Amino acid sequence: MSKITADDVRKVAQLARLSLPDDQIETFTGQLEKILTYVAHLEQVDTENVPPTTRAVEVVNVTREDEVTATPVREDLLDLAPQREGDFFRVPKILAD
Amino acid sequence: MAIAEWRQQLKLGEVSARELTDQHLERIAAVDPKLHAYLDVTADRARADADRIDAARTKGDDLPPLAGAPLAIKDNLCTKGIRTSCSSRMLENFVPPYESTVTERLWQAGAVLLGKTNLDEFAMGSSTETSAFGATSNPWDLSRVPGGSSGGSAAAVAAGECIAALGSDTGGSIRQPASFCGVVGLKPTYGRVSRWGLVAFASSLDQVGPFTTSVADAAEILQVIAGHDPRDSTCLNAPVPDYCASLDTPLDGLRVGLIRECFDQEGLDPQVKASVLAAANQLESLGAELVEVSCPRFNDGIATYYVIAPSEASANLARYDGVKYGYRAEGAESLATMTAGSRAEGFGSEVQRRILIGTYALSAGYVDAYYKKAQQVRTLIRRDFDSGFKSVDVMLTPTSPTTAFEAGTHADDPLAMYLADLLTIPANLAGLPAISLPCGFDDAGLPIGVQLITNVLEESRLLQVANQYELAANVMASKPSGSLIP
């Protein structure tokens with residue numbers, strides 16, 4: 001695994017929707033480098049033909065009837081919005097000029 | 001006071017629920033300005049709940065098992081109408097319109113809510129220092145951390161600010177602070193307790209559990225919160241045994257495995273090691289047989305965890321976009337800049353760091369090298385436990401390599417902080433139930449914790465062994481004095 005650069009962190013920050021100033025990108029670059037170097041020692045573990053674990057305790061897929069039920073918290077949920085307009089969440093414009 | 005003892009006092013009318021609640025509210029007022037275990041104290045609600053219990057008793061109604069027991073709840077469990085902040089600016093003003101399953105069960109069992117406790121932001125940390133609302137101190141020594149992420153709950157129980165508390169444990173966030181604060185902390189089997197209403201961090205690892213002053217109390221709380229919940233599809237539909245029934249069963253013939261790799265740690269404090277080995281010898285004197293076991297991949301737990309947990313966190317925390325609830329940055333001209341600005345201003349640096357690690361590990365070209373590899377090593381760690389449990393009934397390790405460290409110790413070195421979780425993480429990766437309980441004190445008068453681990457859904461055995469040890473060792477009878485320890 002290759003060395004992490006500030007540009008890598010900038011790209012990841014963009015994917016993660018985090019707008020970070022340059023000095024923070026620098027700090028995170030050094031820290032991520034150190035952490036990812038540490039976790040990279042997993043490379044040395046032989047995992048040939050080892051299946052991945054997604055859940056530690058086996059669970060089965062749970063299904064249920066698709067029934068219509070009342071959701072009494074609709075107003076409460078809308079009220080949590082930073083900006084609400086009627087029955088909608090209000091946001092800044094979605095498309096760039 | 002033990003829950004069973006309190007129940008008896010309430011029944012006989014020696015102390016009212018209101019009196020017990022008021023005593024705890026007074027204790028909070030006296031010590032919490034120094035400790036900062038609580039983010040919010042719900043005094044009015046607590047008094048009203050306690051009065052209702054007293055009225056029911058006066059009427060002669062049957063009282064539920066936790067009637068009048070004053071509890072604290074980690075602030076990442078949703079409480080309807082009561083702010084649930086996760087110690088984050090992102091949720092500073094978030095008041096959930098619904099109740100988590102675990103807290104709902106506690107209130108149905110008669111428990112009284114005293115307030116919400118501090119944590120590392122979004123439960124990411126091992127010292128409660130990453131809280132956006134200020135750190136919590138260790139009640140034994142205020143210059144030290146209480147552990148984390150559930151440091152507020154652990155400190156509140158240790159300082160007598162509540163009778164018991166709930167926390168959550170993703171990589172040790174119940175057991176490590178329990179160890180640092182000298183209380184009992186139980187992480188149940190993954191899926192034993194519903195996660196519905198627990199703010200998600202790493203969904204394949206998160207589990208809710210109690211902090212108490214005794215093993216018997218941990219059994220009492222688990223009894224109430226365990227069990228199937230149709231609202232959490234990972235919650236196991238397995239019968240809930242009577243956890244108190246086997247507490248008094250002797251340990252004759254029990255096989256206790258000492259995990260060799262844990263005791264060979266370079267960073268293991270010699271006083272911690274000596275105290276934990278003495279606890280093992282105590283179990284032997286109670287009739288158990290000590291066996292050395294090996295979990296060769298145990299020490300790969302941290303690297304595995306710090307890929308899997310941040311990956312899951314980066315996906316879970318994608319929901320905080322400034323649109324539907326939570327913090328929104330001011331003045332943004334587009335949706336995209338509003339979202340990126342809200343997340344930059346709303347999340348603290350530890351949360352951002354983990355989101356970046358997780359996003360990196362899941363990004364194109366790296367997912368096999370990091371995420372899939374970590375999932376495969378996770379399988380090997382599980383297999384180590386599987387083969388270990390063929391020859392032993394319970395495994396024993398220190399809970400943490402050290403006692404509580406000074407505040408600020410790891411402020412500039414996140415990796416050093418991560419390494420503190422070395423001994424607790426493997427139980428989360430394997431989904432196993434594990435408990436930390438006090439086994440002694442170091443020269444500085446700080447508590448040391450021993451960790452016991454059993455196989456999936458064997459909480460009864462875990463509690464039995466812990467209880468037998470606790471009663472025989474009676475560690476707290478010779479406790480040193482601590483700053484805010486009652």
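In the text below, chain A, chain B and the rest are named by the order of the sequence lines, each starting its count at 1. It should be emphasised that the depicted structure is a prediction, and the values quoted were computed from it without experimental measurement. Any value given below was found using the heavy atoms of this structure, including those in side chains, with hydrogens, waters and symmetry copies removed.
- Residue A:Leu42 touches chain B through both its backbone and its side chain, counting heavy-atom pairs closer than 4.5 Å.
- Using a 4.5 Å cut-off between heavy atoms, B:Val456 contacts chain A through its side chain alone, with no backbone atom that close.
- Using a 4.5 Å cut-off between heavy atoms, A:Val73 contacts chain B through its side chain alone, with no backbone atom that close.
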key: Intermediate values then yes/no, side chain to side chain donor-acceptor pair (under 3.5 Å), B:Gln207 and B:Arg192   = CA-CA 8 Å; B:Gln207 187 62 187; B:Arg192 174 72 292 185; over 6 Å; no
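- Only the side chain of B:Tyr418 comes within contact range of chain A, with at least one heavy atom under 4.5 Å from a heavy atom of that chain.
- Between the side chains of A:Gln83 and B:Arg328, at least one donor N or O lies within less than 3.5 Å of an accepting N or O.
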key: Audit row: B:Ser204, B:Arg378, side chain to side chain donor-acceptor pair (under 3.5 Å) steps and yes/no   = CA-CA 12 Å; B:Ser204 79; B:Arg378 186 176 184 182; 2.9 Å; yes
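- Using a 4.5 Å cut-off between heavy atoms, B:Tyr305 does not touch chain A at all.
- For B:Asn428 and B:Thr170, the side-chain atoms include no donor-acceptor pair closer than 3.5 Å.
- Of the listed residues (B:Gly431, B:Cys235, B:Pro230, B:Ala340), the one with the most heavy-atom contacts under 4.5 Å to chain A is B:Ala340.
- A donor-acceptor distance shorter than 3.5 angstrom exists from the side chain of B:Thr84 to the backbone of B:Ile82, with no hydrogens or angles considered.
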key: Criterion side-chain contact (heavy atoms from CB on, under 4.5 Å) on B:Thr379 and B:Arg383, from CA distance to verdict   = CA-CA 6 Å; B:Thr379 303; B:Arg383 286 180 184 170; 3.7 Å; yes
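- Side-chain contact between B:Val95 and B:Thr79: absent, with no pair of heavy atoms (C-beta onward) separated by less than 4.5 Å.
- Heavy atoms closer than 4.5 Å to chain A are found in both the backbone and the side chain of B:Gln352.
- For B:Asn93, no part lies near chain A; criterion is any non-hydrogen pair under 4.5 Å.
- Looking at B:Ser342, there are no atoms closer than 4.5 Å to chain A (heavy atoms on both sides), in backbone or side chain.
- Only the backbone of B:Ala430 comes within contact range of chain A, judged by heavy atoms closer than 4.5 Å.
- Ring geometry for A:His41 against A:Tyr38 counts as perpendicular: the plane angle is over 60°, on a 0 to 90° scale with 30° as the lower cut.
- Looking only at distances, no side-chain donor or acceptor of B:Asp206 sits under 3.5 Å from a matching main-chain atom of B:Ala200.
- Counting heavy-atom pairs closer than 4.5 Å to chain B, the top residue among A:Val50, A:Leu20, A:Leu15, A:Ile35 is A:Val50.
- Across A:Val12, A:Thr53, A:Asp79, the residue that shares the most heavy-atom pairs under 4.5 angstrom with chain B is A:Thr53.
- Interface residue A:Arg90: only backbone heavy atoms are found under 4.5 Å from chain B.
- Both the backbone and the side chain of A:Leu77 come within contact range of chain B, each with at least one heavy atom under 4.5 Å from a heavy atom of that chain.
- With chain A as partner, the option from B:Thr189, B:Ile302, B:Leu317, B:Asn237 having the largest number of non-hydrogen pairs under 4.5 angstrom is B:Ile302.
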inquiry  = Quick one, B:Cys78 with B:Phe94, criterion side-chain contact (heavy atoms from CB on, under 4.5 Å). Give me CA distance, side-chain angles, the key distance, then yes/no.
reply    = CA-CA 10 Å; B:Cys78 286; B:Phe94 176 62; 4.3 Å; yes
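- Between the side chains of A:Asp8 and A:Thr5, at least one donor N or O sits under 3.5 Å from an acceptor N or O.
- Looking at A:Gln14, there are no atoms closer than 4.5 Å to chain B (heavy atoms on both sides), in backbone or side chain.
- Ranked by heavy-atom pairs shorter than 4.5 Å toward chain A, the options B:Lys372, B:Glu333, B:Lys324 are led by B:Lys324.
- Heavy-atom distances place no part of B:Leu205 under 4.5 Å from chain A, backbone and side chain included.
- In this model, no donor atom of one side chain and acceptor atom of the other lie less than 3.5 Å apart for B:Glu312 and B:Ser203.
- Residue contact with chain B, scored on non-hydrogen atoms closer than 4.5 Å, involves the backbone of A:Asp46 exclusively.
- No salt bridge links B:Asp321 with B:Arg343; every basic N to acidic carboxylate O contact stays at or beyond 4.0 Å.
- Heavy atoms of B:Ser314 lying under 4.5 Å from chain A are absent altogether.
- B:Leu362 does not touch chain A: none of its heavy atoms, backbone or side chain, sits under 4.5 Å away.
- Of the atoms belonging to A:Val62, it is side-chain heavy atoms, and not backbone ones, that fall under 4.5 Å from chain B.
- Heavy-atom pairs under 4.5 Å with chain B were tallied for A:Asp76, A:Val9, A:Val57; the largest tally goes to A:Val57.
- Residues B:Tyr320 and B:Phe122 bring their aromatic ring centres within 6.0 Å.
- Between the side chains of B:Arg231 and B:Thr101, at least one donor N or O lies within less than 3.5 Å of an accepting N or O.
- Using a 4.5 Å cut-off between heavy atoms, A:Thr54 touches chain B through backbone and side chain atoms alike.
- Proximity to chain A is absent for every atom of B:Ala361, based on heavy atoms less than 4.5 angstrom apart.
- Residue B:Thr337: no heavy atom, backbone or side chain, is found under 4.5 Å from chain A.
- Only the side chain of B:Arg382 comes within contact range of chain A, judged by heavy atoms closer than 4.5 Å.
- With a 4.5 angstrom heavy-atom cutoff, B:Leu429 touches chain A only via backbone atoms.
- Between B:Tyr327 and B:Glu345, the side chains place a donor N or O and an acceptor N or O closer than 3.5 Å (distance only, hydrogens not considered).
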